Amino acid sequence: MSDVEATVFSIQQFSTEDGPGLRTTVFFKGCPMRCPWCHNPESIAPQPEVVWHGGRCLNDGGCVAVCPQGAVESGADGISVARGRCTGCGDCVAYCPASALEMHGTRMTAKDIHDRVVRDAAFYEESGGGVTLSGGEPLAQPAAALGLMRLLRESGIHVALDTCGVAGEGVLGEAVGLADLVLLDLKTANPANHEAWTGVALDRVDKAARLLTEAAVPLWVRTPVVPGYTATENEIAGVARFVAEALPHAERHDLLAYSNLCTAKYAQLGRPFALDGVPLLFPETMERLCEVARASGSMHARWSGPTRVAEAAAS
């Protein structure tokens, strides 16, 4: 399976947030969920996507001329891409002399990815780190993800799987058997909210939780704390009770403060961002929610992420 191709949109070296030690995180494209707060909107669609960086553009119009599908268009607001016609061929990206057009998504074999990340094996060994498969949802491309995990295990590299838990039971079970650590993204424990916000029934995540508990694989749980969605005491308490009851072996429960740094990405992809203009949370809010999580049974709760200074302190 080493020659199976995956579509990845980033390979990030020296990450310290996606597992222990220094890590390389491989971001796979494609996700079964549609979370309105997603901070990697380029990860949602499985196919490669072209984006335009206006500040770099020379406005020579050559990219419009070279597109075989007529998907690259020039207008008063600059260059736009007709997503319905774009095939991701990359001709416009290859043409652009200023790198104003960029492709989110590159086809690579599992072996290509392995050979690239293994170059940093010395850093992994020294720091107790390794490689994390993330996304998107890496198991949305199961053959390539499993192939990469096998190659990494054969090379003696610590493997972490960052997953929303929504995959076929056979696929998830096989992946868990190859993982040294699983990072489970748990958005909410409220069934109605989970389906409304992600488009996926909570039952599927619940099944994944039972599988993880039975496998007793080392586990970190990660919950986004998002204004207007999950940033309430009731929500966090519900998630904490779920962790305590369904995932008692979890070593960590990370409450991840919402980030608005993705706003420009949505604009580049021509998609609306549901939280456009919504400010960051206060550190006091995150502290309080962390206390709620611990009081509700998730004893290893902690928080991280960007926050803002309270207006009183700022003035």
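In this text, all values refer to a predicted model and were calculated from it rather than measured experimentally. In what follows, residues are counted from 1 in the order of the sequence shown.
No donor-acceptor contact under 3.5 angstrom links the side chains of E251 and H300, judged on distance only. For the 3.5 Å distance criterion, the side chains of E235 and N193 qualify, holding a donor opposite an acceptor. Between H253 and S298, the side chains place a donor N or O and an acceptor N or O closer than 3.5 Å (distance only, hydrogens not considered).
Checking side-chain atoms of T213 against main-chain N and O of H249 turns up no donor-acceptor pair under 3.5 Å.
For the pair A201 and H194, the tightest heavy-atom approach, listed with the atom from each and the gap, is C-ND1, 4.0 Å. Between L161 and A179, the closest heavy-atom pair is CB-CB, 4.4 Å. Shown here for G70 and R85, the closest heavy-atom pair between the two residues is O-NH2, 2.8 Å. Summarising the geometry of S296 relative to A240, their closest heavy-atom pair is CB-CB, 3.7 Å, with the distance given to 0.1 Å. Here the shortest heavy-atom pairing between W52 and G78 reads CH2-CA, 3.6 Å. For the residue pair S155 and H114, the shortest heavy atom distance occurs at OG-NE2, 2.6 Å.
A search for side-chain contact (heavy atoms from CB on, under 4.5 Å) contacts involving D162 returns T132, S134, L183, D185, R222, not counting sequence neighbours. Residues passing the ring pair (Phe, Tyr, Trp, His ring centres under 6.0 Å) test with F9 are F27, sequence neighbours excluded. Listed by chain and number, the residues in a ring pair (Phe, Tyr, Trp, His ring centres under 6.0 Å) with Y95 amount to none (sequence neighbours excluded).
Aromatic ring centres of W37 and Y229: separated by under 6.0 Å.
Taking CG of L255 as the reference point, atom CD of E287 lies at 10.5 Å (rounded to 0.5 Å). Atom CZ of F273 sits about 10.5 Å away from atom NZ of K265, to the nearest 0.5 Å. Atom CZ of R308 is separated from atom CZ of F282 by 3.5 Å, given to the nearest 0.5 angstrom. A distance of 4.5 Å separates OG of S80 from CD of E73, quoted to the nearest 0.5 Å.
Applying the 6.0 Å contact sphere to CD of E125 captures no more than 12 heavy atoms from other residues, nucleotides or ligands.
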Practice prompt. Evaluate the salt bridge (Lys or Arg N to Asp or Glu O under 4.0 Å) criterion for residues R116 and D112: first the C-alpha distance (whole Å), next the side-chain angles of each, then the deciding distance (0.1 Å), finally the verdict.
Written response: CA-CA 6 Å; R116 179 166 167 178; D112 289 338; over 6 Å; no

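Each of E42, E49, Q47 was scored for a side-chain hydrogen bond (donor to acceptor under 3.5 Å, both in side chains) with K29, with one residue passing: E49.
We find that D203 and K207 are not joined by a salt bridge, their nearest charged nitrogen and carboxylate oxygen being 4.0 Å or further apart.
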